[in-house]
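Quick notes on the structure that follows.
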Amino acid sequence: MPLTRDFFDRPVVDVAPDLLGRTLLRNTPDGPITLRLTEVEAYDGETDPGSHAYRGRTARNAAMFGPPGHAYVYFIYGMWFSLNVVCGPEGKASAVLLRAGEILTGTPLAADRRPKARSANELAKGPARLATALDIDRTLDGTDLCTGGDAPLSLLDGDPPAPERVRNGPRTGVGGDGADHPWRYWIADDPTVSPYRRHVPRRRATTAP
DNA sequence: ATTATGATGCTCT
DNA sequence: GAGCATCATAATC
């Protein structure tokens, strides 16, 4: 069964841990892939400087201001996509970044898209890897994840972990004033959770003086 | 094990 | 122009 609109129409820090263990279903042109979520991060557009929506609505983040339960997909670092689920009431732009998971079915399809993965655990171990494995790009931005069935992308109820298995800590790669929030959630000891990396400010090579 | 760096282009100021 | 919610690879301990 798909998760309901009401599931996502709650504070983002409540929805995020509740997404662990849920099933993400991606119907690709070549067939379905399912994934069990093991790692997520919450971004609160109202109060959180780490959120893409903190400075207001733009063309890129428009989906975050729409109804809950829809996808927000963005392009990053010139080559990757990341998948989020919009949470909270329409107009309050919060979202959960889906960071990692365990591929349950359609593993050959995922492996074809991730030729550099050295094990099944690496197929979706990180937000860009997850998006690559599941063939997710900006054409899915704004799509409804509560439809189920043959929809291109949906979130189903799945198999949540026992509450004592849920861990939380600071978010990966988030610096500045948003770094303090312990809004990364993962399943303890799960081999598909990505390694934590602290934010490192980096500047591209400048042109010669 | 950790730390560094190139790739690559869009978005916002 | 500066920075980016990353990945893969290489260098070094």
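The side chain of His52(A) places an N or O atom within less than 4.0 Å of a non-bridging phosphate oxygen (OP1 or OP2) of dA5(C). Contact annotation: Arg138(A) reaches the phosphate of dT11(B) (side-chain N/O to OP1 or OP2, under 4.0 Å).
Side-chain contact check for Thr139(A) and Asp137(A): at least one donor-acceptor pair (N or O, by modelled atom type) lies under 3.5 Å.
Put simply, Tyr43(A) rests on the base of dA5(C): the two rings are less than 5.5 Å apart at their centres and nearly parallel, under 30°.
Regarding Arg184(A), its CZ atom lies at a distance of 10 Å from the P atom of dT6(C), rounded to whole Å. Following rounding to the nearest Å, Arg198(A) (CZ) and dA5(C) (C1') show an atom-to-atom distance of 16 Å. Atom CG in Asp141(A) sits about 14 Å away from atom C1' in dC10(B), given to the nearest Å. Glu41(A) has its CD atom 15 Å from the P atom of dC4(C), to the nearest Å. In this entry the distance linking CZ of Arg202(A) with P of dC4(C) reads 11 Å, nearest Å.
No salt bridge links Asp159(A) with Arg22(A); every basic N to acidic carboxylate O contact stays at or beyond 4.0 Å.
Note on Gly126(A): only backbone sugar-phosphate atoms sit closer than 4.0 angstrom, heavy atoms only; bases stay farther off. The residue Tyr77(A) sits close to a base: some heavy atom pair falls under 4.0 Å.
Considering Arg5(A), Met64(A), Glu90(A) as possible partners of His70(A), the one that fulfils the side-chain contact (heavy atoms from CB on, under 4.5 Å) test is Arg5(A). Only one option out of Thr192(A), Thr23(A), Leu130(A) pairs with Leu35(A) in a side-chain contact (heavy atoms from CB on, under 4.5 Å); it is Leu130(A).
The stretch residues 52-62 of chain A participates, sequence neighbours left out, in no salt bridge (Lys or Arg N to Asp or Glu O under 4.0 Å) pair at all.
With dC10(B), dT6(C), dC12(B) as the candidates, the nucleotide lying closest to the side chain of Thr172(A) is dT6(C). For Arg60(A), taking side-chain heavy atoms from C-beta onward, the closest of the listed nucleotides dT6(C), dT11(B), dT8(B) is dT11(B). Side-chain atoms of Tyr74(A) lie closest to dA5(C) of the nucleotides dA5(C), dC12(B), dC4(C).
With a 6.0 Å cutoff to the six-membered ring centre and a 45° limit on the axis angle, Arg10(A) counts as a cation-pi contact of Phe7(A).
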Which is it for Tyr43(A) and His52(A) under the ring-ring contact (aromatic ring centres under 6.0 Å, His included) test, yes or no, and what are the steps along the way?
CA-CA 8 Å; Tyr43(A) 289 85; His52(A) 285 178; 7.4 Å; no

Could you list the protein-to-nucleotides 8-11 of chain C atom pairs, N/O on both sides, closer than 3.5 Å?
unit_1 : atom_1 : unit_2    : atom_2 : d
dA8(C) : OP1    : Arg114(A) : NH1    : 2.8
dA8(C) : OP2    : Arg129(A) : NE     : 2.7
dA8(C) : OP2    : Arg129(A) : NH2    : 2.4

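In this structure dT5(B) sits in a base pair with dA8(C), meeting the Watson-Crick or G-U test at under 3.5 Å.
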